[in-house]
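Values below: every heavy atom of this structure, side chains too, minus hydrogens, waters and symmetry copies.
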There are 2 protein chains.
Amino acid sequence: MSKPPVADHRHALTLRDVSEASGVSEMTVSRVLRSRGDVSDATRSKVLEAARALGYVPNKIAGALASQRVNLVAVIIPSLSNMVFPEVMTGISEVLDHTGLQPVVGVTNYAPDREEAVLYEMLSWRPSGVIIAGLEHTDAARAMMQNSGIPIVEIMDVDGTPIDAAVGISHRRAGRQMAEAIIAAGYRRIGFLGTMMPDDHRARKRLEGFTAALAAAGLSVADQEFYSGGSALLKGREMTQTILKRTPDLDFLYYSNDMIGAGGLLHCLEAGIDVPGKLGMAGFNGVDLLDGLPIQLATMDACRHEVGRIAAEIVAGQRASEVVELLPIMQPGATIRKA
Amino acid sequence: MSKPPVADHRHALTLRDVSEASGVSEMTVSRVLRSRGDVSDATRSKVLEAARALGYVPNKIAGALASQRVNLVAVIIPSLSNMVFPEVMTGISEVLDHTGLQPVVGVTNYAPDREEAVLYEMLSWRPSGVIIAGLEHTDAARAMMQNSGIPIVEIMDVDGTPIDAAVGISHRRAGRQMAEAIIAAGYRRIGFLGTMMPDDHRARKRLEGFTAALAAAGLSVADQEFYSGGSALLKGREMTQTILKRTPDLDFLYYSNDMIGAGGLLHCLEAGIDVPGKLGMAGFNGVDLLDGLPIQLATMDACRHEVGRIAAEIVAGQRASEVVELLPIMQPGATIRKA
DNA sequence: TTGAAAGCGCTAACAC
DNA sequence: GTGTTAGCGCTTTCAA
């Protein structure tokens with residue numbers, strides 16, 4: 001690890017520069033720039049003028065140290081590239097924009113030790129709160145959050161024990177509900193297609209709920225297929241072809257996310273398979289990409305936007321710090337036949 | 001704008017706490033925790049033990065103020081939700097991970113004043129460098145960057161005058177190349193479909209290069225259609241239907257991004273249109289989603305991953321601060337007939 | 001190898 | 001309405 005060439009701001013402008021340029025004390029300059037306390041219009045404009053002319057940018061590091069307040073919220077998520085977290089981010093930003101708080105994003109790539117490192121790094125900047133995906137963390141990460149003394153909101157999942165607040169859906173319930181809908185529609189030979197990610201706990205819980213509901217009906221997953229990496233749409237295609245070749249009598253395919261589901265759907269339509277007559281299909285997430293497919297894939301909306309909003313409200317102190325369970329919304333689409 | 005309930009760390013652990021718990025001076029504790037200078041093994045382990053037991057998390061605010069170094073890199077991008085910037089982020093992270101520098105992401109939603117605000121906010125934390133999308137900024141934003149004294153890398157575009165370094169492709173050239181390929185293939189009645197975003201300068205430049213090349217061949221865009229908001233895949237479908245209804249004799253559709261192109265392609269295939277025989281199609285970006293479509297949409301790769309890597313290398317001081325023009329790679333796919 | 005003193009740039013608290 | 005003083009928690013510098 002080479003030594004980073006970090007910034008050297010020995011020559012950056014300070015309050016003192018603005019103070020000298022305007023003939024006003026540093027303290028009053030500070031007041032003007034933060035719009036705090038009473039300052040006469042005359043001095044205010046003198047200060048603003050000087051600051052603008054110099055191109056002064058306040059040093060938040062010094063400000064934060066002196067005031068003991070940092071207007072940052074750490075947002076820790078597993079990935080940016082799967083269309084699910086951007087929507088959560090949108091919800092978070094919408095709310096935080098009105099509060100003066102700023103989200104700062106950290107990405108963990110579904111790796112627990114990476115999550116721990118990102119969290120440590122972010123907590124060392126003393127943010128005003130943490131919004132973090134999932135309920136599963138390393139012991140050290142959990143301890144750091146517990147000791148931090150700031151609001152911690154775990155999002156996307158409520159199946160487990162939160163540190164403090166949690167906002168999300170029950171993925172077990174989501175899996176169960178989907179299984180029940182599938183069974184009710186008369187499907188019996190059910191295949192599962194998912195990711196090969198042991199640390200995607202939410203996908204795991206959906207599958208658990210799903211198989212539990214199948215079991216309750218005397219059924220089980222007839223075949224399954226997993227992937228990792230690459231274009232999800234393409235992988236969905238390939239896996240679907242594979243699983244149908246291996247187990248041709250499957251009458252339903254449950255995908256752990258919409259993207260592979262969409263790939264599978266495209267494959268089946270091209271292959272001339274009767275969907276949903278001979279073969280039913282469903283994904284998970286409710287991504288808006290589905291709207292553009294030839295027919296609408298059945299899915300379940302994880303309320304991502306709402307999750308982001310509520311988590312932000314908790315962090316911003318506009319809402320009590322508690323567990324908020326949202327109910328995922330079944331979108332039956334056109335790939336499950338009517339019961 | 002209500003007053004934010006920012007964190008109050010009056011009771012957080014300090015070096016002094018670790019110092020007292022370990023019986024070692026603050027200074028030496030600091031040395032141990034930063035692995036700087038010579039410290040005996042005995043004291044080192046005493047300190048580490050105490051820090052771990054207490055759950056001490058260093059205060060980077062104080063550290064940054066004292067040392068005048070901040071290991072953060074501001075990354076300012078227009079959007080997270082369009083599959084293009086996540087790949088840039090991946091490239092950035094890959095490089096920065098080895099340097100001790102940390103990317104901090106800010107999103108502007110293609111709004112110049114939002115960009116200015118995000119930049120101001122980030123510069124006030126005195127980052128070690130800035131990676132920012134595009135060459136077009138407000139005068140104030142440009143001035144801030146010029147005065148910052150840190151490396152500024154403008155990415156994704158090289159058609160313009162960079163503040164300092166720039167890494168990207170020429171979108172004018174990309175548009176021109178695509179037009180030339182289309183003309184060479186014998187298409188003559190060409191339609192354009194894009195976003196209604198005046199501040200998406202890269203899309204604008206592609207269209208400029210595109211129309212310039214058409215003009216050079218005595219051609220012009222025969223019809224065009226714009227959209228904003230919603231599911232890009234669905235919008236692509238709808239726009240395509242609309243433009244083909246209005247101007248049925250179009251023989252080529254050029255889309256400003258792959259997502260709407262993919263929607264258009266799905267529409268055409270369903271409508272039984274002969275692609276690429278009667279109608280050619282092309283998008284832009286080279287997103288890997290295209291791999292999963294029934295046939296491969298022609299596109300042009302913007303080298304997003306490479307752009308991220310190179311920008312990060314410049315910011316990290318591993319590479320000279322200069323303009324790096326990458327050449328977009330034409331991916332003819334199966335939606336342009338052979339010349 | 002370790003410690004003591006000074007100060008990074010700003011703001012809280014208090015005077016005037 | 002404005003100024004003064006004393007730190008925030010660390011690291012730099014210098015001394016031991």
Side-chain angles (χ1 to χ4, degrees), chain A residues 3-4 6-48 50-51 54 56-71 100 123-127 149, chain B residues 3-4 6-47 50-51 54 56-71 123-127 149:
Chain A
K3 187 147 149 265
V6 288
D8 180 341
H9 286 281
R10 232 173 289 281
H11 308 300
L13 293 167
T14 70
L15 264 191
R16 158 174 246 109
D17 296 304
V18 182
S19 166
E20 284 171 0
S22 61
V24 177
S25 78
E26 285 189 42
M27 195 55 232
T28 301
V29 170
S30 168
R31 287 197 183 96
V32 170
L33 296 177
R34 287 178 299 144
S35 326
R36 282 261 149 58
D38 293 324
V39 183
S40 74
D41 283 353
T43 44
R44 179 194 317 290
S45 45
K46 256 195 299 188
V47 168
L48 289 176
L54 293 172
Y56 172 71
V57 176
N59 186 330
K60 288 224 180 197
I61 298 170
L65 186 61
S67 68
Q68 308 284 76
R69 1 186 127 255
V70 176
N71 69 336
L123 285 181
S124 72
W125 285 100
R126 302 290 189 266
Chain B
K3 189 146 149 266
V6 288
D8 180 340
H9 286 281
R10 233 172 288 282
H11 307 299
L13 293 167
T14 69
L15 266 190
R16 158 175 246 108
D17 296 303
V18 182
S19 167
E20 283 170 2
S22 61
V24 176
S25 79
E26 285 188 42
M27 195 52 237
T28 301
V29 170
S30 169
R31 288 198 183 94
V32 171
L33 296 177
R34 285 177 301 144
S35 324
R36 281 261 149 57
D38 294 324
V39 182
S40 73
D41 284 355
T43 45
R44 180 195 317 291
S45 46
K46 256 196 298 188
V47 168
L54 293 173
Y56 172 71
V57 176
N59 185 330
K60 288 224 180 198
I61 298 170
L65 185 62
S67 68
Q68 308 285 74
R69 359 187 126 258
V70 175
N71 68 337
L123 285 181
S124 70
W125 286 100
R126 301 291 188 265

- Item | Phosphate OP1/OP2 of D/dT2 contacted by A/T43 side-chain N/O (<4.0 Å) | yes
- Message: Strictly below 4.0 Å: does B/S40 bring a side-chain N or O up to OP1 or OP2 of C/dT2?
- Response: yes
- Task: Ignoring hydrogens and angles, tell me if any N or O in the side chain of B/T43 forms a donor-acceptor pair with the backbone of B/V39 under 3.5 Å.
- Result: no
- Task: Using a 4.0 Å cut-off on protein heavy atoms (strictly under), produce a 5'-to-3' string for nucleotides 10-16 of chain C with B for base contact, S for backbone-only sugar-phosphate contact, and - for none.
- Result: BBBB---
- Task: Round to the nearest Å and state the distance from A/D41 atom CG to D/dT2 atom C1'.
- Result: 15 Å
- Side-chain contact test, heavy atoms from C-beta onward, threshold under 4.5 Å: evaluate it for A/L33 versus A/L15 and give yes or no. yes
- Task: Considering just the side-chain nitrogens and oxygens of B/Q68, establish if one lies under 4.0 Å of OP1 or OP2 belonging to D/dC10.
- Result: no
- Separation of C/dG3 P from B/D38 CG (nearest whole Å): 14 Å
- Task: Five pairs at each end of the helix from C/dT1-D/dA16 to C/dC16-D/dG1: take the axis at both ends and give me the angle between them to 10°.
- Result: 30°
- Task: Look at the side chain of A/S19 and the backbone N and O of A/V24, then say whether any donor-acceptor pair between them is shorter than 3.5 Å.
- Result: yes
- Query: Which residue pairs pass the salt bridge (charged side-chain N to carboxylate O under 4.0 Å, His left out) test when at least one of the two sits in residues 18-30 of chain B, sequence neighbours left out?
  - Reply: B/R16-B/E20, B/R16-B/E26
- Gap separating the CZ atom of B/R126 from the CG atom of B/L65, nearest 0.5 angstrom: 10.5 Å
- Message: Quick one about A/R34 and A/S30 (side-chain donor to acceptor, distance below 3.5 Å, no hydrogens or angles considered), yes or no?
- Response: yes
- Just by distance, do the side chain of A/S45 and the backbone of A/D41 share a donor-acceptor pair under 3.5 Å? yes
- Can you find a pair of side-chain heavy atoms, one from B/V29 and one from B/Y56, that are under 4.5 Å apart? no
- Between D/dT2 and A/T28, is there an OP1 or OP2 to side-chain N/O distance shorter than 4.0 Å? no
